[in-house]
Structures are given as C-alpha cells and as structure tokens.
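Accompanying notes for the structure given below.
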Amino acid sequence: LARPQDAARFSVTTYATAIAFPGSMIRLGDGSILVASSDGSNLFKSKSGRLLRLQDTNHDGVADGAPTVVASGLPGLVTSLRQTGNLVMALSSQDGNQAITLLTKGATPGDVLTVAGKIHFSFPSGFLHTIYAMATRPVPGDPTTTELYFNLGSEFNDKPTTPGKTVGISGSEGVSLISPNLNPGSIYRIKLHDSGSGITVSAPEQIATGLRNAAGIAFARNGDLVFQDNGIDTPPPGDGNVALSADELNRIGISQIAAKIFNFGFPDTYTDAVTGSTMCILGTSCPPTGVSTPIIAFLPKDGRRSEGAVEVSLAPEAFGSDFSEGFFVSFFGKTFGAGPTNDENPVVFADLNTGDYFHFVNNQLLAHPYGLLATDDTLYLSDLSFIGYEFGSVDGVPANQAGVIYAIRSLRDVAPVPGPLPVAGLGIVYAYSRRIRRRI
C-alpha cells in the first residue's frame with residue numbers, strides 16, 4: 001500500500017491465482033464471490049466468457065480452492081458483472097457481439113445460473129470504444145423491476161462521432177424491448193421488469209452525453225450516480241504514451257438523474273493532463289458553456305500518472321471515516337504488452353467531498369488493476385494478468401493463467417455481513433463498473 005500509515009490498518013492477501021483474465025466481481029448472499037473471466041489466449045480477442053465462484057469460508061482472505069463454473073458460453077471479453085435481487089447481469093464487449101446476458105440464480109449460491117435473456121448492441125464498424133460498464137439498483141418498492149445504467153463509448157479518440165452514426169439495441173432469448181437507435185458517447189438507463197414468464201425492457205433513457213468512454217459507473221451512498229471518463233490520448237503525431245487530457249470522475253445528483261441530459265464536454269472541452277487547465281479541443285483556454293465539470297481530474301500525483309481508469313467502487317464501511325465519502329478507482333494503465341514498465345496503473349482513492357485523491361496502491365506494483373468489489377470490511381481487487389501482458393507468455397506463464405485477485409481487509413474488528421452492500425437509506429445495491437483503455 002502506498003501510504004505508510006495504511007500498513008497498520010489493512011492486511012493484503014492473495015485471494016486467488018491462475019484465473020483467466022479476472023475482471024468485474026460481485027458477492028453472493030453466502031459471502032462467496034463471482035468473478036467474470038474471459039476465455040482464450042488473447043484478452044482483446046476473447047470469444048467466450050465464464051462466471052467463476054470462489055469461497056473463503058474461514059474469512060482469512062484466501063479462497064478455499066479452485067473456482068467452480070456457474071455460467072459459461074457468454075460472449076467474450078466480459079467487462080462488467082452486476083446483480084440485483086435474483087438477477088445477475090454480465091456485460092460482454094466482444095467486437096461484433098456486444099451484449100448484456102441476464103441470468104437468474106438457483107436455489108443455492110453454488111447452483112448454475114440460468115440464462116433469462118440477452119440484450120444486444122450493434123455498433124457501426126470502426127468504433128474505438130463500445131460498451132464496457134454497468135450499474136444496477138432495484139426500483140424502490142418494486143422488487144420485480146431493476147434500473148440498469150450502461151455506457152456507450154465514442155467513435156474516435158479526440159474528435160466527435162460521425163454525425164448520423166448510432167448504436168442499435170435489441171433483445172433475444174425471452175427479452176422484449178422497444179428498440180430505438182442510441183447515441184454514442186453517452187450513459188443510458190433501462191428498466192428490466194421480470195414478470196416471471198419473461199423480462200420486459202423499457203425504452204432507453206439518455207442520462208448523459210459528451211463522454212469519451214465512461215467505462216466505470218457506481219452509486220454513492222446517497223444514491224448519486226458517479227462515473228469516470230477516460231481522457232484523450234495524445235493525438236498523432238504523438239506516441240500516445242502521455243495523455244492529452246486527464247481521466248476524470250463525474251457525478252449526477254440523485255434528484256437530477258433523468259431530469260435532463262447532462263453534457264460532460266467531450267470532445268469540445270477537456271482538462272489538460274499536466275496543467276489541470278480547462279481547454280478547448282483546439283488548445284486554447286475556454287470557459288465551458290452548459291458543460292458539467294468533473295468532480296476530480298486525475299493529474300500526476302507526486303510525479304506518478306493515473307491513466308486508463310476502469311472500475312469505480314465505494315470503500316468498505318470498515319475502512320474508516322477518512323474513506324467514507326469517496327471512491328476507489330482502478331487504472332488499467334498502458335496496454336499491449338507494457339509489462340513491468342507500466343507507470344500509469346495505480347489504484348487511487350478519490351474523496352468526493354474534498355476533490356482530493358491519493359494513490360492507495362502505487363503504479364508498477366500491479367500489471368492491470370481492474371475489478372473492484374467492496375464488502376463490509378474488504379476491498380477485492382483483480383489484476384488481469386500479473387505478467388503485464390494481455391496475450392502471449394512470460395517465463396513460461398501464459399497471460400490467460402496469470403490473473404490474480406487480492407483481498408485488502410480492514411484490521412478493525414467488524415463482523416462480516418453476507419451479501420452486497422445496501423445504499424444507506426435507499427435500499428439500493430451498490431454497483432461498480434469498468435473499461436479497457438485501448439491505445440490505437
């Protein structure tokens with residue numbers, strides 16, 4: 001851990017190893033964990049995915065044994081995993097097969113999940129960013145209906161999506177929905193109603209626009225919608241290794257969600273990744289008009305960069321008051337074989353009240369920090385491939401056997417509480433999200 005004072009406050013254990021590209025995670029009612037795993041030898045070319053269940057019955061921070069498979073045959077590159085009540089949602093970002101698979105739980109946590117339907121997304125060819133993140137919560141007073149928020153990425157790195165290009169949405173295998181085309185560079189909300197004989201999906205509502213790739217979404221304790229957005233990579237002729245704009249953390253208040261479509265400025269305005277100045281896309285200073293400014297822009301901290309934000313997560317309640325009003329953010333960092341030279345990949349804690357942040361885990365200690373899951377007293381953190389590569393092998397270790405999950409546990413004496421964390425006063429479930437940073 002980056003701060004010396006945290007060494008006496010937390011234990012860090014290796015929860016599980018040799019997982020194939022472990023990503024997003026959820027916690028089941030008995031305290032076991034489901035982790036999204038992508039099959040294949042190359043993460044970005046994964047054609048199928050699975051959900052793996054891990055148990056830690058003595059709560060020592062180490063899984064009891066090898067995982068069991070509770071779902072298989074999902075579309076590849078599984079990037080987000082969420083649950084509400086009896087419904088589990090797995091988002092797959094496989095090129096040409098982007099989909100959210102809806103699954104229902106069995107009688108016990110160890111039972112195989114049953115597919116209840118699929119939601120498909122059709123992107124025009126050539127999009128750099130597609131769909132990576134979800135957040136879910138039950139509709140208050142209606143246990144049969146779930147709100148599901150998801151992101152749609154932008155077509156390009158540093159310029160507007162081509163006018164007229166939209167994203168198709170459709171249902172299959174028991175899912176019916178109204179299917180208008182959707183706008184890229186956005187966050188949308190749909191409502192899933194489970195009648196017992198099928199799942200009906202409401203017409204999508206656009207929540208936000210002006211986003212490059214908001215691939216990490218969650219709810220604050222008070223119900224505010226919190227999400228990251230990835231900054232602009234250095235446009236050509238730059239080498240792409242130093243971002244033009246900073247990754248950021250944004251918020252929409254609970255009372256304002258769906259009240260209007262909030263604009264977050266991409267690509268017209270951005271925060272300079274070095275100076276922190278608000279800039280126009282042409283490089284001149286400009287006051288944003290009608291644009292929501294970020295809560296936090298992740299500038300270099302003590303000379304350490306934070307780039308390629310993926311999932312975001314509230315801190316466990318047992319972590320203490322100094323962690324109570326903020327979010328952990330994992331940073332994928334450099335991609336395509338950065339190996340041990342990945343100097344952009346910390347895990348950051350960001351305080352929403354103060355706008356300050358610090359590196360909780362410094363960069364270059366992990367390879368590709370990814371999934372974040374908070375329980376009552378533990379933050380679970382997945383590293384996609386500890387060798388630092390998304391394909392191939394290093395010293396005989398294949399990338400798809402190098403996934404690791406760590407457990408960072410508070411040493412305070414707090415009784416474990418099974419199941420997902422509730423949002424205080426609202427009875428809604430925290431949800432966490434992610435994204436992959438591609439430098440092309």
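Side chains included, hydrogens not; waters and symmetry mates left out as well; all remaining heavy atoms used.
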Residue of the set Asp376, Asp56, Asp377 for which salt bridge (charged side-chain N to carboxylate O under 4.0 Å, His left out) holds with Arg27: Asp376
Value rounded to 0.5 Å, distance of CZ in Phe358 from CZ in Arg3: 3.5 Å
Gap between atom CD of Gln83 and atom CG of Leu113 - 0.5 Å precision: 10.0 Å
Aromatic plane relationship, His368 with Phe332 - under 30° parallel, 30 to 60° tilted, over 60° perpendicular: parallel
Under 6.0 Å between the ring centres of [X] and [Y]?
X      : Y      : value
Tyr149 : Phe227 : no
Phe319 : Phe349 : no
Phe121 : Phe127 : no

Does the distance from a Lys or Arg side-chain N to an Asp or Glu carboxylate O, for [X] and [Y], drop under 4.0 Å?
X      : Y      : answer
Arg50  : Asp39  : yes
Lys301 : Asp356 : yes
Asp343 : Arg305 : yes

Of Glu307, Arg212, His129, Glu248, the residue whose pairing with Asn230 passes side-chain contact (heavy atoms from CB on, under 4.5 Å): Arg212
side-chain contact (heavy atoms from CB on, under 4.5 Å) assessment of Val70 paired with Val88: CA-CA 11 Å; Val70 297; Val88 173; over 6 Å; no
Stepwise side-chain contact (heavy atoms from CB on, under 4.5 Å) test for Ile187 and Leu211: CA-CA 8 Å; Ile187 291 176; Leu211 296 164; 3.8 Å; yes
pair Thr14-Val62: side-chain heavy atoms closer than 4.5 Å: no
Close side-chain approach of Val329 to Asp247, heavy-atom, < 4.5 Å: no
